[in-house]
Student: 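Okay, here's the structure, questions in a sec.
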Amino acid sequence: MTSQPTLTKTGNGPGDPTEPRSGLQAGLKNRHLSMIAIGGVIGAGLFVGSSSGIATTGPGILLSYALVGTLVVLVMRMLGEMSAANPTSGSFSAHADRALGPWAGFSIGWLYWFFWVVVLAVEATAGAAILESWIPAVPQWGWALIVMVVLTATNLVSVGSYGEFEFWFAGIKVVAIGAFIVVGGLAVFGVLPGVDADKAGVGNLVDHGGFLPNGPGAILTGVLLVVFSFMGSEIATLAAGESEDPQRAVTKSTNSIIWRIAVFYLGSIFVVLTLLPWNDPSLAEKGSYVAALDSLGIAHAGQIMNFIVLTSVLSCLNSGLYTASRMAFSLGERGDAPKAFARTTSRGVPMAAIIASVVFGFVAVFFNYKFPDSVFLFLVNSSGAVALFVWLVICFSQLRMRKIIQAEAPEKLVVRMWLYPYLTWATAALIVFVLGYMLTDTEHDGRKTVLLSLLVAAVVLAIAFLKQRLKERDEARDEVRAEV
């Protein structure tokens with residue numbers, strides 16, 4: 001029988017000067033955390049990938065976004081409960097370590113790190129393509145290198161500099177999408193002059209083959225196309241460990257995620273679908289947001305959207321490098337990664353963890369340019385389902401962690417999962433269902449993504465169990481020597 005894991009604290013809370021801090025420092029201000037939380041749900045995938053979802057599902061894509069949004073809200077509520085009780089830079093990986101065992105923390109931590117270092121390459125390439133179109137004198141690989149070096153330098157200076165960059169990156173995204181919703185909404189309801197009244201209107205949701213022109217099954221296909229654009233919502237819980245008041249930061253970001261998803265995702269997609277018919281050719285040709293801006297008669301809509309997408313890409317790169325390095329730091333602290341990863345500079349920066357993460361990112365960028373259809377495609381597909389694996393582990397961690405918190409420190413349950421444990425089990429079942437449905441999807445590479453991700457997960461799990469067995473063997477040997 002295994003003993004229950006106990007709650008530990010990795011850093012001081014406010015007014016608690018007696019407990020030693022980890023090497024990380026509280027360099028993030030409340031305004032940084034607020035904007036990281038808001039901007040974390042607005043990824044470049046929303047701007048770039050929504051057109052394929054609309055083409056596949058029609059207006060029913062709103063239900064796909066609502067379904068995934070609900071899933072994210074529930075998962076974030078669970079994560080918020082655990083992180084508010086025990087803020088740590090390892091977030092769900094550290095919680096899994098305590099709740100499920102070292103194998104779980106090791107596995108999900110390294111899979112999450114792998115996911116984000118691949119994302120670094122994807123986003124660096126996307127940003128480089130936009131920059132090259134503006135300044136073609138610099139080759140695309142050159143722009144990718146410049147962007148990665150600049151943001152690496154930013155992260156190496158201090159966590160405060162990361163927070164400041166992310167504050168402005170996220171701020172631009174929030175203002176842009178907020179303006180889009182307001183202006184688009186005015187146009188839809190006939191307040192804005194110069195808009196084609198024959199095209200714009202709420203009637204677009206049902207007038208072109210109905211709300212579900214491709215049938216109810218298309219909603220699930222839409223889920224597969226949009227689910228990965230939500231990855232990043234959990235960043236605020238990792239960053240909270242380096243804030244002035246971690247518990248308050250986690251509680252605030254958890255409580256606000258419902259309106260953030262409702263406004264930025266559902267609100268903006270609703271505006272796109274009402275400005276133009278879902279089957280308008282311009283949505284596929286130009287991208288959903290560019291086509292919508294064009295329909296409003298806004299000059300240089302494409303360049304405006306390119307700037308917003310570039311900002312989102314830089315934001316994702318900045319946060320991706322931060323997130324990967326903090327996960328590596330947490331793994332190093334727990335002995336699941338080289339000890340050097342847990343060392344910090346005088347400014348509280350885990351330099352080795354950052355450099356290791358960005359080096360792998362550079363290698364992935366190289367693969368993208370040299371072997372885009374083989375090695376890099378494998379990396380992308382094999383990390384694609386990690387988001388769902390992370391959410392599933394959060395569910396199972398919370399099921400056990402609630403009992404541990406209630407037994408040891410019930411006063412720390414300042415955020416509570418609704419209808420525990422029934423809603424937690426229902427969320428886990430929905431995630432498993434989505435993974436299972438992906439296995440039936442051959443048109444959008446869903447099956448390949450799940451199978452390759454499971455293969456990588458199996459390898460990491462095997463390493464985790466081997467590491468645990470070796471550790472137990474060494475401990476048993478030490479006990480025998482001590483008795484002799």
Student: For Glu164 and His32, which I'm curious about, is there any donor-acceptor pair between the side chains at under 3.5 Å?
Tutor: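 Present: a donor and an acceptor within the cut-off.
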
Student: Evaluate side-chain contact (heavy atoms from CB on, under 4.5 Å) for Leu321 paired with Tyr162, printing each intermediate quantity in order.
Tutor: CA-CA 10 Å; Leu321 183 53; Tyr162 154 73; over 6 Å; no

Student: Among residues at least two apart in sequence or on other chains, which ones pass ring pair (Phe, Tyr, Trp, His ring centres under 6.0 Å) with Phe180?
Tutor: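 Listed in chain order: Tyr289.
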
Student: Taking Thr57 for its side chain and Ile54 for its backbone only, find out whether a donor-acceptor pair lies under 3.5 Å.
Tutor: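 Not at all, since once roles are kept as given, no pair shorter than 3.5 Å links the two residues.
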
Student: Evaluate the ring planes of Phe264 and Trp259, with Trp represented by its six-membered ring, and classify them as parallel (under 30°), tilted (30 to 60°) or perpendicular (over 60°).
Tutor: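 Ring orientation, 0 to 90° scale: tilted.
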
Student: Does Arg347 have more than 12 heavy atoms from other residues, nucleotides or ligands lying within 6.0 Å of its CZ?
Tutor: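 Atom CZ in Arg347 is not crowded, with 12 or fewer foreign heavy atoms closer than 6.0 Å.
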
Student: Dump the intermediate steps for side-chain contact (heavy atoms from CB on, under 4.5 Å) on Val460 and Trp103, then the final yes or no.
Tutor: CA-CA 9 Å; Val460 175; Trp103 64 268; over 6 Å; no

Student: For Thr251, does its backbone N or O pair with a side-chain atom of Asn255 as donor and acceptor, under 3.5 Å?
Tutor: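 Here the side-chain-to-backbone pair exists.
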
Student: Is the distance from the ring center of Phe341 to that of Phe329 below 6.0 Å?
Tutor: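 No, the ring of Phe341 stays outside the 6.0 Å limit from the ring of Phe329, centre to centre.
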
Student: Could you tell me if the ring centre of Phe92 sits under 6.0 Å from that of Tyr112?
Tutor: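 Yes, ring centres under 6.0 Å apart.
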
Student: Around atom NZ of Lys448, are there more than 12 heavy atoms from other residues, nucleotides or ligands closer than 6.0 Å?
Tutor: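 No, NZ of Lys448 has 12 or fewer neighbouring heavy atoms, counting only those of other groups under 6.0 Å.
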
Student: If every non-hydrogen atom of Val271 is compared with every non-hydrogen atom of Gly184, which pair is closest and at what distance?
Tutor: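 Between these two residues, the closest heavy atoms are CG1-CA, 3.6 Å.
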
Student: Would you call Asp336 and Pro102 a side-chain contact if the rule is heavy atoms closer than 4.5 Å?
Tutor: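 Of all side-chain heavy-atom pairs linking Pro102 with Asp336, none is under 4.5 Å.
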
Student: On a heavy-atom basis, which atom in Leu28 and which in Leu33 lie closest, and how many Å separate them?
Tutor: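 Smallest interatomic distance, heavy atoms only, reads CB-CD2, 3.4 Å.
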
Student: Please name the pair of heavy atoms, one in Leu461 and one in Ser107, separated by the smallest distance, quoted to 0.1 Å.
Tutor: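 Looking at all heavy atoms of both residues, the closest pair is CD2-OG, 3.3 Å.
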
Student: Are more than 12 heavy atoms from other residues, nucleotides or ligands located less than 6.0 Å from atom CH2 of Trp168?
Tutor: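 Incorrect, the count does not exceed 12.
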
Student: Are side-chain heavy atoms of His95 and Leu100 found at a separation under 4.5 Å?
Tutor: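 The answer is no, as the side chains (C-beta and beyond) never meet within the 4.5 Å cut-off.
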
Student: Have Glu242 and Tyr322 got a donor and an acceptor in their side chains that come within less than 3.5 Å?
Tutor: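 Yes, because at least one side-chain N or O of Glu242 sits under 3.5 Å from a partner of the opposite role on Tyr322.
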
Student: For the residue pair Arg326 and Ser330, confirm or rule out a side-chain donor-acceptor distance under 3.5 Å.
Tutor: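 No, Ser330 and Arg326 have no side-chain donor paired with an acceptor closer than 3.5 Å.
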
Student: For Ser161, is there any backbone N or O sitting under 3.5 Å from a side-chain donor or acceptor partner on Ser158?
Tutor: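 Judged by distance alone, yes, a pair lies under 3.5 Å.
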
Student: Applying side chain to side chain donor-acceptor pair (under 3.5 Å) to Ser50 and Ser288, what does each step give before you reach the verdict?
Tutor: CA-CA 7 Å; Ser50 54; Ser288 50; 2.6 Å; yes

Student: Any donor and acceptor pair, going by atom type alone, linking the side chain of Ser453 with main-chain N or O of Asn381 inside 3.5 Å?
Tutor: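 At least one qualifying donor-acceptor pair exists.
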
Student: Identify, with sequence neighbours excluded, every residue that meets side-chain contact (heavy atoms from CB on, under 4.5 Å) alongside Ala66.
Tutor: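 So Ala66 forms a side-chain contact (heavy atoms from CB on, under 4.5 Å) with Leu266.
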
Student: Do Leu220 and Val434 have side-chain heavy atoms sitting under 4.5 Å apart?
Tutor: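 Sidechains of Val434 and Leu220: no contact.
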
Student: What is the distance from atom CE of Met82 to atom CD1 of Ile404, rounded to the nearest 0.5 Å?
Tutor: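 The CE atom of Met82 sits 10.5 Å away from the CD1 atom of Ile404.
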
Student: On the 0 to 90° scale, with breaks at 30° and 60°, tag the Tyr265-Tyr65 ring pair as parallel, tilted or perpendicular.
Tutor: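 Ring orientation, 0 to 90° scale: tilted.
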
Student: Could you check Leu317 against Met148 for side-chain contact (heavy atoms from CB on, under 4.5 Å), going step by step and ending with a plain yes or no?
Tutor: CA-CA 8 Å; Leu317 262 173; Met148 292 272 277; 3.9 Å; yes

Student: Are the side chains of Val223 and Tyr437 in contact, using a 4.5 Å heavy-atom criterion?
Tutor: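 Tyr437 does not reach Val223 side chain to side chain.
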
Student: Before giving the answer on side-chain contact (heavy atoms from CB on, under 4.5 Å), spell out for Arg334 and Leu331 the whole-Å C-alpha distance, their side-chain angles and the decisive distance to 0.1 Å.
Tutor: CA-CA 5 Å; Arg334 287 178 272 139; Leu331 288 166; 4.0 Å; yes

Student: Show the nearest heavy-atom pair for residues Leu63 and Ile219, with the distance to one decimal.
Tutor: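 Here Leu63 and Ile219 meet closest at CD1-CD1, 3.6 Å.
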
Student: Over all heavy atoms of both residues, which pair between Ser93 and Ile108 is shortest? Give the atoms and the distance, please.
Tutor: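 Closest approach of Ser93 to Ile108: CA-CG2, 3.8 Å.
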
Student: Quick one: side chain to side chain donor-acceptor pair (under 3.5 Å) partners of Gln398, sequence neighbours excluded?
Tutor: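 Testing Gln398 for side chain to side chain donor-acceptor pair (under 3.5 Å), a comparison that skips the adjacent residues, returns Glu81, Thr424.
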
Student: For residues Ile269 and Leu46, determine if any side-chain heavy atom of one lies less than 4.5 Å from a side-chain heavy atom of the other.
Tutor: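 Yes, close enough: below the 4.5 Å cut-off.
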
Student: Enter the distance from Ile308:CD1 to Lys173:NZ here, rounded to the nearest 0.5 Å.
Tutor: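 The distance works out to 11.5 Å.
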
Student: How long is the gap from NZ on Lys29 to CG on Asp245, to the nearest 0.5 Å?
Tutor: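 If we round to the nearest 0.5 Å, Lys29:NZ and Asp245:CG are 16.0 Å apart.
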
Student: Looking only at side chains, do Ser91 and Thr237 share a donor and an acceptor under 3.5 Å apart?
Tutor: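 Their side chains do contain a donor-acceptor pair, which is all the 3.5 Å distance test asks for.
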
Student: Return the CZ to CG distance between Arg402 and Leu399, rounded to the nearest 0.5 Å.
Tutor: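 Result: 10.0 Å between the selected atoms.
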
Student: Is there a donor-acceptor contact under 3.5 Å from the side chain of Ser382 to the main chain of Leu379?
Tutor: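 Yes.
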
Student: Please round to the nearest 0.5 Å and tell me the distance separating atom CG of Leu466 and atom NZ of Lys471.
Tutor: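 Going from the CG atom of Leu466 to the NZ atom of Lys471 covers 14.0 Å.
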
Student: Is any side-chain heavy atom of Val157 closer than 4.5 Å to a side-chain heavy atom of Val349?
Tutor: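 They are not in contact (no side-chain heavy atoms under 4.5 Å apart), so the answer is no.
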
Student: Atom CD1 in Ile257, atom CE in Met76: separation rounded to 0.5 Å?
Tutor: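 Reported to 0.5 Å precision, the distance equals 4.5 Å.
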
Student: Quick one: does any side-chain atom of Ser243 pair with a main-chain N or O of Ala239 as donor and acceptor, under 3.5 Å?
Tutor: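 Side chain of Ser243 to backbone of Ala239: no pair is present.
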
Student: Looking at Ala218 and Thr56, what are the two nearest heavy atoms and their distance?
Tutor: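 So the minimum-distance heavy-atom pair works out to CB-O, 3.8 Å.
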
Student: Does CZ in Phe362 sit with more than 12 non-hydrogen atoms of other residues, nucleotides or ligands closer than 6.0 Å?
Tutor: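 Yes, enclosed.
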
Student: Please say whether the positively charged group of Arg31, taken as NZ for Lys or CZ for Arg, lies over the ring of Phe167, i.e. under 6.0 angstrom from the six-membered ring centre and within 45 degrees of the axis.
Tutor: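 Pair Arg31/Phe167 counts as cation-pi.
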
Student: Is the CD atom of Glu472 crowded by more than 12 outside heavy atoms at less than 6.0 Å?
Tutor: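 Counting neighbours around CD of Glu472, more than 12 heavy atoms of other residues, nucleotides or ligands fall under 6.0 Å, so yes.
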
Student: Is any side-chain heavy atom of Leu470 less than 4.5 Å from a side-chain heavy atom of Lys467?
Tutor: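 Counting from C-beta outward, Leu470 and Lys467 never come under 4.5 Å.
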
Student: Any side-chain heavy atom of Val415 within less than 4.5 Å of one from Lys252?
Tutor: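 The answer is no; the side chains never approach within 4.5 Å.
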
Student: Quick check on Arg248: does its CZ atom have over 12 non-hydrogen neighbours (other residues, nucleotides or ligands) under 6.0 Å away?
Tutor: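 No.
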
Student: Answer yes or no: is there a donor N or O on one side and an acceptor on the other, between the side chain of Ser319 and the main chain of Cys316, under 3.5 Å?
Tutor: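 Absent.
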
Student: Over 60° means perpendicular and under 30° means parallel, so tell me whether Trp113 and Trp110 are parallel, tilted or perpendicular.
Tutor: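 Ring orientation, 0 to 90° scale: perpendicular.
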
Student: Give a yes or no on whether the backbone of Leu151 and the side-chain of Asn155 come within a donor-acceptor separation of less than 3.5 Å.
Tutor: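 Yes: the side chain of Asn155 pairs with the backbone of Leu151.
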
